[in-house]
Amino acid sequence: MYLTSNDTMDFSLSDHQKLTRDTVRQFMENEVRPGVRQRDREGRFPVGEIRKLAELGCCGMLVPEDWGGPGLDTVSYVLMLEEVARVDAAMATSLGVTNSAVQVPLLGFGAEAQKKKYLRRLATGEILGAFCLTEPQAGSDAAGIQVRAVRDGSVYRLNGSKTWVTNGSVAGVFIVFAKTDPDVGGKGMSAFLVEPSFKGFRVGRHEEKMGQLSSPSVEIVLNDCEVPAENRLGEEGQGLKIALSALDGGRIGIGALAVGLAQGALEESTKYAKQRRAFGKTIAEFQAIQWMLADMETELEAARGLVHYAAWLKDSGGRMGAASSKAKLYASEMVNRVVAKAVQIHGSVGYSRETDVERMYRDARVITIYEGTSEVQRMIIARDLGL
Ligand SMILES: Cc1cc2nc3c(=O)[nH]c(=O)nc-3n(C[C@H](O)[C@H](O)[C@H](O)COP(=O)(O)OP(=O)(O)OC[C@H]3O[C@@H](n4cnc5c(N)ncnc54)[C@H](O)[C@@H]3O)c2cc1C
């Protein structure tokens with residue numbers, strides 16, 4: 001993190017950023033926390049809660065007012081995701097996909113007519129978006145996807161399947177990546193805006209997962225799926241560029257999600273340590289517990305610094321470079337260390353489905369995997385070092 005002599009260094013939040021954080025925090029405490037454990041048990045998507053968050057502008061935060069969003073900055077966006085994830089990481093994952101992975105590419109690469117048709121409805125939360133890149137045979141190796149798109153007059157016909165599609169069973173529009181020219185590898189990828197009502201589109205298997213149970217992850221089956229040619233996003237061959245640019249910004253959001261979840265786990269652990277008694281004292285009086293909490297807080301603050309710095313860089317229009325990868329890498333590994341300590345501090349209680357830290361432990365695991373694994377982030381950071 002380097003500042004040149006012309007840069008200013010200011011860690012304070014604007015009044016509007018603070019208002020965003022406080023409003024979302026209050027909403028999450030009052031409207032979401034009471035039902036979060038039960039919804040996790042039932043694997044139930046929070047339709048009503050997300051609709052209300054949409055009224056606060058949280059479904060299209062980065063979209064300008066002209067297109068129905070509040071047009072906020074990336075720092076406000078990460079503050080929102082932190083507050084959501086502090087209570088419900090699964091909900092933050094769903095919001096991250098629709099806000100960042102779907103609306104940002106639509107804003108950047110979409111034709112005017114596509115924005116008219118989809119962006120406003122996404123930004124106001126009338127519909128949610130889904131992002132379909134991963135396939136059974138290709139995850140980290142995005143250029144290795146096999147879904148095929150063939151032009152047939154006024155339509156493209158898409159064939160193949162996508163896996164692990166977040167929001168896949170509830171979304172109103174999907175960005176689907178497919179090969180239009182398989183002979184040229186990544187350069188032959190294109191992106192398409194696909195509606196679930198299109199002929200040949202089907203939601204397949206729901207993944208049975210370890211955590212984040214109320215955020216649906218599904219298979220999407222494309223069987224001669226007919227997509228109007230005007231629904232191609234960007235030019236033919238631009239698909240990989242669109243996917244990578246979406247993931248670049250998306251990683252800041254995943255870092256924020258990790259920070260929020262870690263914050264929630266730290267708060268639960270501090271509260272519990274002050275209540276639980278052993279050997280005639282509260283466990284908070286034992287240095288071993290204090291040191292765990294001190295390490296959790298320190299690592300959390302370090303991760304928050306990386307995430308906010310990456311968000312600030314994005315807002316200032318400077319070269320983001322590997323900043324979003326560093327934020328995602330460190331925050332996602334940090335949250336797994338933090339939730340492990342949170343369970344340890346709770347003892348057997350932390351292993352019980354009756355506590356939030358048990359859910360947080362399961363919810364954290366995927367964060368080093370999705371939107372680019374830790375290994376992929378290290379590859380990007382190493383490349384930035386000129387290696
Ligand atoms: C809950 C959940 C939600 C998801 N949501 C979405 C979504 O909405 N849309 C979507 O498109 N995808 C989604 N994904 C998929 C996710 O992005 C992929 O799982 C991820 O990119 C990793 O791909 P993979 O699982 O195929 O692992 P692989 O690519 O098979 O990797 C397996 C292992 O090999 C390592 N590896 C791979 N290549 C290298 C290399 N070159 N050097 C070193 N190590 C390497 C990986 O880091 C990993 O440890 C989701 C996944 C989960 C679990």
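We're numbering straight along the sequence, starting at 1. Just so you know, ligand 1 is whichever comes first in the structure, and atom 1 is the first atom listed for that ligand.
- Residue-to-ligand polar distances place S140 within reach of ligand 1: an N/O pair is separated by less than 3.5 Å.
- Within 6.0 Å of CD on Q275 lie more than 12 heavy atoms contributed by other residues, nucleotides or ligands.
- Among protein heavy atoms, the minimum distance from atom 12 (N) of ligand 1 is reached at T134 OG1, 2.7 Å.
- Regarding atom 44 (N) of ligand 1, its nearest protein heavy-atom neighbour is E375 CB, 3.6 Å.
- When only interatomic distances are considered, the shortest N/O to N/O separation between T163 and ligand 1 does not fall below 3.5 Å.
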Residues R25, E83; criterion salt bridge (Lys or Arg N to Asp or Glu O under 4.0 Å); working and verdict:
CA-CA 5 Å; R25 175 170 291 212; E83 291 304 326; 2.8 Å; yes
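- When only non-hydrogen protein atoms are considered, atom 8 (O) of ligand 1 lies nearest to T166 N, 3.0 Å.
- Per-atom contact check: atom 39 (C) of ligand 1 does not touch the protein, criterion being a heavy-atom distance below 4.0 Å.
- Cluster membership check: V176 shares its hydrophobic cluster with L122, using side-chain heavy-atom separations under 4.5 Å among Ile, Leu, Val, Met, Phe, Trp and Tyr.
- Ligand 1 has no nitrogen or oxygen under 3.5 angstrom from a nitrogen or oxygen of A138.
- The protein atom (non-hydrogen) at minimum distance from atom 41 (N) of ligand 1 is M379 SD, 3.5 Å.
- When distances from atom 16 (C) of ligand 1 to the protein are checked, a heavy atom turns up under 4.0 Å.
- Counting heavy atoms closer than 4.0 Å to ligand 1, residue V366 contributes side-chain atoms (C-beta onward) but none from N, CA, C or O.
- Using modelled atom types, one finds a donor on one side chain and an acceptor on the other under 3.5 Å when comparing D73 with S76.
- Under a 4.0 angstrom heavy-atom cut-off, R378 registers as lying outside contact with ligand 1.
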List the steps, then state whether salt bridge (Lys or Arg N to Asp or Glu O under 4.0 Å) holds for E195 with K117.
CA-CA 11 Å; E195 295 181 34; K117 194 161 181 196; 3.6 Å; yes
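- Between D152 and R157, at least one side-chain N (NZ, or NE/NH1/NH2) sits under 4.0 Å from a carboxylate O, which counts as a salt bridge.
- Counting heavy-atom neighbours within 6.0 Å of E208 CD, excluding the residue itself, gives a total of 12 or less.
- Cation-pi geometry between R151 and Y156 is satisfied (NZ or CZ under 6.0 Å from the ring centre, within 45° of the ring normal).
- Residue W164 has at least one nitrogen or oxygen atom sitting less than 3.5 Å from a nitrogen or oxygen atom of ligand 1, judged on distance alone.
- Classified by interplanar angle (parallel below 30°, tilted 30° to 60°, perpendicular above 60°), the ring pair H346/Y272 is parallel.
- The closest side-chain donor-acceptor pair between R121 and T124, if any, does not fall under 3.5 angstrom.
- The residues R51 and E49 are annotated as not salt-bridged, no charged nitrogen and carboxylate oxygen being separated by less than 4.0 angstrom.
- Close contacts of ligand 1 with T373, meaning ligand atoms under 4.0 Å from a residue heavy atom, involve 22 (C), 46 (C), 47 (O).
- Counting only heavy atoms, the protein never gets under 4.0 Å from atom 30 (O) of ligand 1.
- Taking a cut-off of under 4.0 Å to the non-hydrogen atoms of E371, the atoms of ligand 1 that pass are 17 (O).
- Interface atoms of ligand 1 facing Y370, defined by a heavy-atom separation under 4.0 Å, are 2 (C), 3 (C), 17 (O), 50 (C), 51 (C).
- Put simply, atom 34 (O) of ligand 1 has no protein non-hydrogen atoms near it, under 4.0 Å away.
- Ligand 1 does not have Q212 within reach: every non-hydrogen atom of the residue lies 4.0 Å or more from it.
- Separation of the F177 and F131 ring centroids falls under the 6.0 Å cut-off.
- For atom 9 (N) of ligand 1, the closest heavy atom belonging to the protein is F131 O, 2.7 Å.
- Geometrically, R337 engages Y330 in a cation-pi contact defined by less than 6.0 Å to the ring centre and at most 45° from the axis.
- In terms of polar-atom proximity, defined here as any N/O pair under 3.5 Å, D141 makes no such contact with ligand 1.
- Taking only nitrogen or oxygen atoms, main chain and side chain alike, V97 does not reach within less than 3.5 Å of ligand 1.
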Decide salt bridge (Lys or Arg N to Asp or Glu O under 4.0 Å) for K116 and E112; before the verdict, give the C-alpha distance in whole Å, the side-chain angles of both, and the deciding distance to 0.1 Å.
CA-CA 6 Å; K116 271 197 185 127; E112 200 72 2; 5.4 Å; no
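- At least one heavy atom of I369 sits closer than 4.0 Å to an atom of ligand 1.
- Atom 25 (O) of ligand 1 lies below 4.0 Å from none of the non-hydrogen atoms of the protein.
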